[in-house]
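Comments concern the structure below.
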Amino acid sequence: MDDSTRTELEAAAFRRLVAHLRERTDVQNIDLMNLAGFCRNCLSNWLKDAADAQGVAMSRDESREAVYGMPYETWKAKYQGTATPDQVEAFKKSHPHSH
């Protein structure tokens, strides 16, 4: 497989992942972090890192909107619930240096 085809396939997989996460508003970021070690914010940070590495101007707000499909604050107001004590405890165990 040539590099161009690989890039196209990877981009298609990224777009599908983003679409899936946009549809699954019932899945909280803390649950993603606890189970998979990354969340929507991580994905948006990775997108911004890639833009920075290529010299492409992209703000953190723009990268988050690219992943969330709307401004981050709007998504939080519409879909983000309050973390339960169990979710917070699981996060502390799985990410001991993040809090």
Side-chain angles (χ1 to χ4, degrees):
M1 176 183 316
D2 63 57
D3 287 344
S4 177
T5 300
R6 182 182 340 279
T7 298
E8 289 176 25
L9 296 176
E10 290 168 349
F14 173 81
R15 289 189 296 270
R16 188 170 178 181
L17 172 61
V18 167
H20 181 76
L21 291 173
R22 286 180 183 177
E23 290 173 14
R24 292 299 311 268
T25 57
D26 60 309
V27 178
Q28 297 292 300
N29 281 333
I30 195 165
D31 293 323
L32 290 169
M33 287 296 293
N34 288 342
L35 294 173
F38 82 100
C39 69
R40 293 170 183 89
N41 289 338
C42 298
L43 194 58
S44 70
N45 292 343
W46 299 338
L47 180 60
K48 181 171 179 356
D49 292 345
D52 291 348
Q54 293 294 319
V56 175
M58 176 179 277
S59 70
R60 184 161 310 278
D61 288 340
E62 290 170 330
S63 68
R64 285 190 172 179
E65 190 164 342
V67 170
Y68 285 91
M70 63 187 71
Y72 178 56
E73 294 302 321
T74 302
W75 190 92
K76 279 179 34 176
K78 289 177 79 169
Y79 302 114
Q80 184 168 305
T82 302
T84 66
D86 289 342
Q87 288 171 316
V88 172
E89 189 60 32
F91 182 82
K92 287 178 182 178
K93 286 180 182 174
S94 65
H95 299 83
H97 303 293
S98 296
H99 53 7

I need the minimum non-hydrogen distance between [X] and [Y], along with the two atoms involved.
X: Ala83; Y: Val88; value: CB-CG2, 3.7 Å
X: Val18; Y: Ala66; value: CG1-O, 3.8 Å
X: Asn41; Y: Ser44; value: O-OG, 2.8 Å
X: Leu47; Y: Ser63; value: CD2-O, 4.1 Å

Under the side chain to side chain donor-acceptor pair (under 3.5 Å) rule, collect the residues that match up with Asp26, sequence neighbours excluded.
->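 Once residues adjacent in sequence are excluded, the partners of Asp26 under the side chain to side chain donor-acceptor pair (under 3.5 Å) criterion are Arg24.
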Under the side chain to side chain donor-acceptor pair (under 3.5 Å) rule, collect the residues that match up with Asp52, sequence neighbours excluded.
->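 Asp52 satisfies side chain to side chain donor-acceptor pair (under 3.5 Å) with Lys48 once adjacent residues are dropped.
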In chain order, what residues pass the side chain to side chain contact (heavy atoms under 4.5 Å, CB included) check against Leu17, with sequence neighbours excluded?
->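 By the side chain to side chain contact (heavy atoms under 4.5 Å, CB included) rule, Leu17 matches Leu21, Leu43.
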Report yes if the side chains of [X] and [Y] come closer than 4.5 Å at any heavy-atom pair, otherwise no.
X: Glu62; Y: Glu65; value: no
X: Thr25; Y: Lys78; value: no
X: Val27; Y: His20; value: no
X: Thr84; Y: Glu89; value: no

Is Gln28 reaching over with its side chain to a backbone N or O of Gly81, donor-acceptor style, under 3.5 angstrom?
->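 Such a contact is found between Gln28 side chain and Gly81 backbone.
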Measure the spacing between [atom1] of [X] and [atom2] of [Y] and express it to the nearest 0.5 Å.
X: Gln87; Y: Met33; atom1: CD; atom2: CE; answer: 13.0 Å
X: Arg40; Y: Arg64; atom1: CZ; atom2: CZ; answer: 12.0 Å
X: Cys42; Y: Asp49; atom1: SG; atom2: CG; answer: 10.5 Å

For residues 50-83, which residue pairs qualify under ring-ring contact (aromatic ring centres under 6.0 Å, His included), counting only residues two or more places apart or in two chains?
->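 Qualifying pairs, neighbours excluded: Tyr68-Tyr72, Tyr68-Trp75, Trp75-Tyr79.
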Those residues that, when tested against Phe38, pass ring pair (Phe, Tyr, Trp, His ring centres under 6.0 Å) (two or more places apart) =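 Partners of Phe38 by the ring pair (Phe, Tyr, Trp, His ring centres under 6.0 Å) criterion, ordered by chain and then number, come out as Trp46.
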Does atom CZ of Arg16 have more than 12 heavy-atom neighbours, drawn from other residues, nucleotides or ligands, at distances under 6.0 Å?
->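 Not buried by this count: 12 neighbours or fewer within 6.0 Å.
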Residues clustering with Leu9 (ILVMFWY side chains joined when closer than 4.5 Å, directly or via others) =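 Grouped by the 4.5 Å side-chain rule, Met1 form the rest of the cluster around Leu9.
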If Ile, Leu, Val, Met, Phe, Trp and Tyr residues are connected whenever their side-chain heavy atoms lie under 4.5 Å apart, and connections chain through other members, are Leu32 and Phe91 in the same group?
->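 Each belongs to a different hydrophobic cluster.
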